[in-house]
Amino acid sequence: MKNFKNQLVLLLVLLFESTINMSAQNKEIPLWDKVPNAIENSDYKENFRLDNEGNPNAIRNVTTPTLKIFLADNKKVDNAGVVVCPGGSYGVLSHLKEGDKVAEWLNSIGISAFVLKYRLPSDLIMKEKTIGPLQDAQEAIRTVRRNAKEWNLNPNKIGIIGFSAGGHLASTASTHYSDNVYKNGETSARPDFSMLIYPVISMEDGVTHAGSKMNLLGKNPSKELIEKYSNEKQVDKNTPPTILIHATDDGAVPIENSINYYMALKENKVPAEMHIYENGGHGFGLGRFGTHLNWPKACEDWLVVHKFIPEKEVYMFSYFKGNGEDGLHLAYSEDGLKWKSLKNDESFLTPEVGKDKLMRDPCIIKGGDGLYHMVWTVSWTDKGIGYANSKDLINWSEQKFIPVMEHENGTRNTWAPEVTYDEVNKEYMVYWASTIIGKFPETQIEEDAGYNHRMYYTTTKNFVTFTPTKLLYDPGFNVIDATIHKMEDKYIMFLKDETKVPVRKNLKIAFGDNLTGPYSEASEPITGKYWAEGPTAVQIDGNWVVYFDKYRDHKYGAIQSSDLITWEDFSDKIQFPKGTRHGTIFKVPMALLKKIMNQ
């Protein structure tokens with residue numbers, strides 16, 4: 001067990017470091033080493049505006065601009081980041097309603113957010129107050145982009161969102177990003193996209209918000225200054241794609257602000273979308289009542305369409321029924337608890353290859369080529385497995401028989417194949433359990449019908465040519481039903497101890513540094529005093545969840561763990577279609593699920 005314990009200790013260290021990073025994510029960092037355009041004024045001190053109950057609801061007199069960091073829980077490096085600009089008429093910052101709460105919403109859809117505490121224009125602390133907020137917005141965009149690698153962001157997916165006067169600042173950043181308002185390096189200050197929520201856009205009388213205009217430009221601004229900061233007049237073909245949100249009954253910032261900006265975007269052929277709601281007034285934030293409650297979903301859909309965030313996914317489960325004669329069945333779930341069969345629980349694909357033409361243990365993954373690749377058990381006694389692929393899980397390629405154990409004359413079977421995509425080497429590893437007569441006799445017993453399985457594998461880049469089959473895992477006992485997942489820089493193998501005497505028939509885990517091994521000794525059982533097989537694992541809300549077939553009880557089971565040590569059985573909370581036999585959990589876009597349901 002020493003190897004297994006060492007692997008587990010290392011994994012716990014990784015988990016601890018990840019937890020530390022998460023706990024530090026909401027730290028606030030200064031935007032500048034030295035604030036530009038500044039006038040020192042010891043009497044000008046930051047403070048909070050309080051509501052009627054004495055709670056702070058806005059910030060006043062900002063002298064030290066900051067970014068408050070809300071990193072999304074996503075380790076991929078293609079994430080979007082958004083600078084959040086709270087509103088407040090350029091007189092205060094509504095830092096909670098239009099700052100922190102908005103950041104939390106962005107996190108919930110997979111976007112890292114950076115709440116900008118920007119300087120409010122004031123002659124008391126600025127040499128030129130009209131450029132103070134823009135300086136902070138430009139530097140915020142540049143700061144996020146410069147730290148993209150550290151924060152797991154795509155530097156080409158850095159956007160900005162602004163509310164009311166914060167919307168004016170966001171639109172200013174989107175149209176004045178090349179203005180040289182302070183000494184800067186080579187990093188671009190142009191947002192890649194803008195979300196403007198009941199924004200002040202214009203400084204023109206009759207359209208503008210008077211308070212925002214006076215606070216930014218002063219009491220008697222020149223015609224040139226008014227035009228410069230009327231951002232509908234500054235739009236050009238390079239203005240970033242934009243979505244605008246406004247309510248018809250906005251009594252503070254006329255809806256014409258959004259309409260005029262939208263028309264300018266349209267004229268310059270900039271991708272743009274606008275949602276005008278019947279009611280909501282001004283300053284509704286994430287919504288309180290009425291039709292405008294839908295705007296966050298509208299923004300999410302727009303971000304998906306423009307590929308700034310991936311489409312929402314649901315869980316899909318591939319399984320078989322009976323002996324696998326009728327083929328592939330599919331079910332879906334949005335929460336991982338309640339699973340609903342698709343196509344009235346009829347087969348999606350009838351098996352055509354192999355000695356017995358079965359489709360047991362169907363394992364489906366989405367590969368690096370965007371296709372869904374499936375392998376399955378074709379027979380109880382064959383020397384190969386089945387393979388097919390699909391773009392949509394509805395229409396499948398011609399089925400192939402892959403003779404992965406044909407070279408071993410003593411092979412009795414090839415059971416429960418799985419496939420894992422290796423992103424590093426851009427190849428697939430296919431692995432399965434086989435008994436080879438005469439091998440590993442030290443653990444072969446009559447009570448197991450002479451079966452003495454070990455895990456074997458091959459790799460392929462195209463499912464046409466394959467590397468020679470090799471031994472993947474010999475835990476020193478009869479092992480089947482392995483499934484492998486990556487976590488950080490380790491690989492976790494969930495497996496079944498098939499030993500019958502003394503009876504085990506339980507699930508265990510092992511760890512490896514590489515997909516192809518070697519893997520550690522198997523752990524102690526993670527399932528209870530029942531017979532379990534066919535594990536399939538997925539991470540849900542930070543927990544590892546393992547589903548499995550309680551095949552003697554004719555029902556499905558589930559366990560979960562946050563640390564891979566302590567496991568909780570929650571089988572009583574899950575619902576699977578009647579007669580489900582084991583398969584694989586994977587994720588699909590919501591649009592694909594809808595397509596399948598509409599067939």
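Computed from heavy atoms alone, side chains included, the values below leave out hydrogens, waters and symmetry copies.
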Do [X] side-chain atoms and [Y] backbone N/O form a donor-acceptor pair below 3.5 Å?
X	Y	value
Ser397	Asn389	yes
Trp339	Tyr315	no
Asp136	Arg119	yes
Arg145	Ser188	yes
Thr239	Asp236	yes
Asn152	Glu150	no
Asn257	Ser202	yes
Asn79	Asn154	no
Glu273	Ile243	no
Thr242	Pro240	yes

Hey, could you give me the [atom1]/[atom2] distance between [X] and [Y], rounded to the nearest 0.5 Å?
X	Y	atom1	atom2	value
Asp73	Gln539	CG	CD	9.0 Å
His95	Ile59	NE2	CD1	4.5 Å
Lys486	Tyr491	NZ	OH	4.0 Å
Tyr387	Phe463	OH	CZ	4.5 Å
Leu116	Leu31	CG	CG	6.5 Å
Gln234	Tyr177	CD	OH	11.5 Å

Measuring only between side-chain heavy atoms, which start at C-beta, is [X] closer than 4.5 Å to [Y]?
X	Y	result
Pro121	Pro133	yes
Asn55	Leu50	no
Trp544	His485	yes
Phe70	Val115	yes
Val144	Leu67	yes
Met195	Trp302	yes
Trp151	Ser112	no
Glu139	Val83	no

Ignoring hydrogens, what is the shortest heavy-atom contact between [X] and [Y]? Give both atom names and the distance.
X	Y	value
Leu169	Cys85	CD2-SG, 4.2 Å
Leu393	Met316	CD1-CE, 4.2 Å
Leu328	Trp396	CD2-CZ2, 3.7 Å
Pro199	Leu244	CG-CD2, 4.2 Å
Lys129	Asn215	NZ-O, 3.3 Å
Thr420	Ile484	OG1-O, 3.5 Å

Around atom [atom1] of [X], are there more than 12 heavy atoms from other residues, nucleotides or ligands closer than 6.0 Å?
X	atom1	value
Lys101	NZ	no
Lys340	NZ	no
Glu267	CD	no
Asn220	CG	no
Asp541	CG	no

Ring pair (Phe, Tyr, Trp, His ring centres under 6.0 Å) contacts touching residues 213-237 (sequence neighbours left out):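 Every ring pair (Phe, Tyr, Trp, His ring centres under 6.0 Å) pair that includes a residue of residues 213-237, provided the two are not neighbours, is His176-Tyr229.
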With sequence neighbours excluded, residues passing ring-ring contact (aromatic ring centres under 6.0 Å, His included) with Phe348: none
Quick one: do [X] and [Y] make a salt bridge, cutoff under 4.0 Å?
X	Y	answer
Glu204	Lys233	yes
Lys426	Asp422	no
Asp205	Lys213	yes

Test side chain to side chain contact (heavy atoms under 4.5 Å, CB included) applied to Val253 and His246, step by step: CA-CA 9 Å; Val253 177; His246 225 116; 4.0 Å; yes
Worked check of side chain to side chain contact (heavy atoms under 4.5 Å, CB included) between Lys343 and Leu330: CA-CA 8 Å; Lys343 201 179 174 182; Leu330 295 174; over 6 Å; no
Which pairs of donor and acceptor atoms, one on a side chain in residues 591-599, lie under 3.5 Å apart (sequence neighbours left out)?
{"unit_1": "Lys595", "atom_1": "NZ", "unit_2": "Asp392", "atom_2": "OD2", "d": "3.3"}
{"unit_1": "Asn598", "atom_1": "ND2", "unit_2": "Lys594", "atom_2": "O", "d": "3.0"}

Test applied, ring-ring contact (aromatic ring centres under 6.0 Å, His included); reference residue, Phe284; option that passes from Tyr277, Phe163, Tyr198: Tyr198
Classify the ring geometry of [X] against [Y]: parallel below 30°, tilted from 30° to 60°, perpendicular beyond 60°.
X	Y	value
His209	His282	parallel
Tyr90	His168	perpendicular
Trp295	Trp105	perpendicular

Less than 3.5 Å apart, any donor N or O on the side chain of [X] or [Y] sitting next to an acceptor on the other?
X	Y	answer
Glu28	Thr66	yes
Arg49	Asn57	yes
Thr536	Thr584	no

Ile201 vs Asn260, side chain to side chain contact (heavy atoms under 4.5 Å, CB included): CA-CA, chis, key distance, verdict: CA-CA 8 Å; Ile201 296 289; Asn260 292 344; over 6 Å; no
Chi angles and distances behind the side chain to side chain contact (heavy atoms under 4.5 Å, CB included) call for Val82, Leu106: CA-CA 8 Å; Val82 170; Leu106 289 168; 4.0 Å; yes
Tyr182 and Trp32 aromatic centres sub-6.0 Å: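 Yes, ring centres under 6.0 Å apart.
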